[in-house]
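The structure under discussion appears below in the form of structure tokens.
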Amino acid sequence: MASIDSSLQFNSLCNLQSSIGRPKLQIPSTLVLFRRRHKNLNWVQLETNPSFVCKSIGDDPSTPDEEVQNTQNDDDAEVDVTTTQSSTAHDSESSISRFRSMITTLPPVIFVVNKCSGNSIWIGIGIVATVLVASIRAYAIRNSSDNRPAGSVADLVRRGQLRSGDRRGISKALNYEDPFNNPFVKLGKGSSTVEMCGKVYKLAPVTLTEREQTIHQKRRSRAYQWKRPTVFLKEGDSMPPDVDPDTVRWIPANHPFATTVSDIDQDLAQNNVYQKQGVPFRIRAEHEAMQKKLEALQNEEKLNNLGIDSENARDFQRPYKFSGKLEDENVQKSSQENHTGNSSSEKTDKS
Amino acid sequence: MASPRLFSTCHQPPFLPPSPQRFVKSPAKRRPIRSALQFNRKPQLAGETPRIVVITSGKGGVGKTTTTANVGLSLARYGFSVVAIDADIGLRNLDLLLGLENRVNYTVVEVLNGDCRLDQALVRDKRWSNFELLCISKPRSKLPIGFGGKALEWLVEALKSRPEGSPDFIIIDCPAGIDAGFITAITPANEAVLVTTPDITALRDADRVIGLLECDGIRDIKMVVNRVRTDMIRGEDMMSVLDVQEMLGLSLLGVIPEDSEVIRSTNRGFPLVLNKPPTLAGLAFEQAAWRLVEQDSMKAVVVEEEPKKRGFFSFFGG
């Protein structure tokens, strides 16, 4: 399409050229080469109606001494062009000369040629480099999304889900934009389209009226008669006599609700929910129970210790005269009692 | 016919953005993190606080939990204090979507049993400290019969009277179906958001659920149409959003396009609305949250995608 447009422009310029006249300056060969590419575009038009165009070009007598190469793609047009090549060579040369003279007579072109006659190479290099960079960039963008490993830390940072500064503590506060007024949302002219995240969508107005809403509400009120269930019974349980059957919800036996057995009172549960501070009820209850048990154990241990204390037992013994044998026997007995007392205390400790 | 308006009316002009506020913990009270909006425009809260919103659908898998997570975090980003309650007793998922699954130690069942206090069961999001999560139960624990709905009412009353103040929004993620779990979840709600997809099965279930909600006294019901594919609408393989609205007769809170980012965000525990740059579905969730705050609805909907007109310099990589 661009080539056909440019060819049309060249044709219009050719018409203009006849009124402007011949050029005064000589054109360097490099510029001629550059023009030759534009000339090739003329052949695109020849594909569609080659014979007619060739004949129209051939009417103009003024021609330069140059040959034009045939770069046509269509076989039929090529056949037509080859048959008329000899006659059209002269015609093409004239068109080329016309075109050349037309270009050189344009004032801006004259100015540019005068100014940049030595820099035409650099201009061409610049344009080629720009096109090359753009194509490489597009190719790189296309490939980068395929090659980048998904789920990596770099991928998460790129997607904005992980901020590299978060872990180091140097991240700034996030700025989030207004969802209706930001660079990703653009309303089209006349509010008929909207562009969101690079995609353009057509808009249509909502047509629901309040009357239609009311009609739907009435329809549903007739279709769905429902009362909130207040009594939940397991399948198999008997229904209480003073309960509205519509408010009973039967729970299947294997439903999680049905298998729950709870000792918690409703009032107690409510109090647990409303508790704002302090130790939660069950934790406190368990703690108190454990404390009581510990106290009970300690008391029991004290009693046991009172019963088997040998020193106290000696104080209560009566003093009497006895021989050395008896003293030895007493010493043995006391040692045995000590052993038994220790063993009993060990037993109480173990219990 | 009124001119189509995609966005809710906002007559406040944007003015200079403030400097970002730093989060400072005072010993007596915690200040919530305030989001720094680039254009410093905040939605105007309408209605009485706390606004108790139940997000339900009837049919499973349409996007209730995703909507709860994303809308809830959007509300927190706008500066409102939010408590999200996962009322799905048997299958708990909201903590996974929010990335808080490792931080849920206590649930409402433990609170009822007296194993912990309510504030100990609330999980505060570290990204946005004005967003808290409360799970009803762990998968293996059970709620006693009969006082599921009452338990939620007690919870709401306790949240209203807590020392740090009543939350602005209490969002309840309702389980699928219309049995005891659904009845429990809708008990304390004042308004409802119905999530549906543009297919016949979801629409029929949604219609039933709307009828039950209206029987229970919830009249403020808005609709979110999820997983919309404009290419299928154009090819007449999917109902359009206007067709869905015509069938159900509800005002639209949001239209969420099909987006593969939803699956990624679910698996990573990073809600969609926190992505920068925002995705299409994330923007749609943010807009839905805005309308929820202002009690507004959509005035125009997206119908189909149009080819983008590319400029002359587009081949340079634009």
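The structure displayed is predicted, hence computed values, not measured ones. Below, chains carry the letters A, B, ... as their sequence lines are ordered, and counting in each starts from 1.
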(message) Just so I understand: if I count every heavy-atom pair under 4.5 Å between each of Thr187(B), Ile186(B), Asp119(B), Leu155(B) and chain A, which residue has the most?
(response) Thr187(B)
(request) Report the distance from atom CG of Leu250(B) to atom NE2 of His216(A), rounding to the nearest 0.5 Å. (result) 8.5 Å
(request) Please flag which part of Asn267(B) lies under 4.5 Å from any non-hydrogen atom of chain A: side chain, backbone, both or neither. (result) neither
(request) Provide the closest heavy-atom pair for Gly249(B) versus Gln213(A) in the form atom of the first, atom of the second, distance. (result) O-CG, 3.4 Å
(message) Do Leu203(A) and Val302(B) make a side-chain contact, defined as non-hydrogen atoms from C-beta onward lying under 4.5 Å apart?
(response) yes
(message) Heavy-atom cut-off 4.5 Å, strictly under: side chain, backbone, both or neither for Thr279(B) against chain A?
(response) backbone
(request) Please determine, among Leu252(B), Val241(B), Leu248(B), the option with the most heavy-atom pairs under 4.5 Å with chain A. (result) Leu248(B)
Identify every side-chain donor-acceptor pair in residues 208-216 of chain B under 3.5 Å, counting partners at least two apart or on other chains, and give the distances.
unit_1, atom_1, unit_2, atom_2, d
Glu214(B), OE1, Arg220(A), NE, 3.3
Glu214(B), OE2, Arg220(A), NH2, 3.3
Asp216(B), OD1, Arg228(A), NE, 3.0
Asp216(B), OD2, Arg228(A), NH2, 2.9

(message) Under a 3.5 Å distance rule, please check whether Gln287(B) uses its side chain to pair with a backbone N or O of Pro179(A) as donor and acceptor.
(response) yes
(request) Return yes when atom CD of Glu246(B) has more than 12 non-hydrogen atoms of other residues, nucleotides or ligands closer than 6.0 Å, and no otherwise. (result) no
(request) Taking all non-hydrogen atoms of both residues into account, name the closest pair between Leu280(B) and Tyr201(A) and its distance. (result) CD2-OH, 2.9 Å
(request) Looking only at non-hydrogen atoms, find the nearest pair between Val206(A) and Ala300(B) and report the distance. (result) CG2-N, 4.0 Å
(request) Would you indicate whether Phe281(A), at its atom CZ, is surrounded by more than 12 heavy atoms from other residues, nucleotides or ligands within a distance under 6.0 Å? (result) no
(message) If I measure from the heavy atoms of chain A, does Leu159(B) come under 4.5 Å with its side chain, its backbone, both, or neither?
(response) neither
(message) Please classify the contact between Arg219(A) and chain B as side chain, backbone, both or neither, with a heavy-atom cut-off of under 4.5 Å.
(response) side chain
(request) Heavy-atom distances under 4.5 Å only: say whether Ser251(B) touches chain A with side chain, backbone, both or neither. (result) both
(request) Sort Gln217(A) into side chain, backbone, both or neither according to what part of it lies under 4.5 angstrom from a heavy atom of chain B. (result) both
(message) The criterion is salt bridge (charged side-chain N to carboxylate O under 4.0 Å, His left out); which residues satisfy it with Glu288(A), sequence neighbours excluded?
(response) none
(request) Search all heavy atoms of Val273(A) against all heavy atoms of Ala158(B) and return the closest pair with its distance. (result) O-CB, 3.7 Å
(request) Please report the shortest heavy-atom distance between Gln120(B) and Pro280(A), naming the atom on each side. (result) OE1-CG, 3.8 Å
(message) To the closest 0.5 Å, what do you measure between CZ (Arg117(B)) and CD1 (Ile283(A))?
(response) 11.0 Å
(message) Can you tell me if Ile263(B) has over 12 outside heavy atoms packed within less than 6.0 Å of its CD1?
(response) no
(request) Over all heavy atoms of both residues, which pair between Arg282(A) and Asp115(B) is shortest? Give the atoms and the distance, please. (result) CD-OD1, 2.6 Å
(request) Could you look at Gln270(A) and say if it's the side chain, the backbone, both or neither that has a heavy atom under 4.5 Å from chain B? (result) both
(request) Go through Asp207(B), Leu242(B), Val303(B) and name the one with the most non-hydrogen pairs under 4.5 angstrom from chain A. (result) Asp207(B)
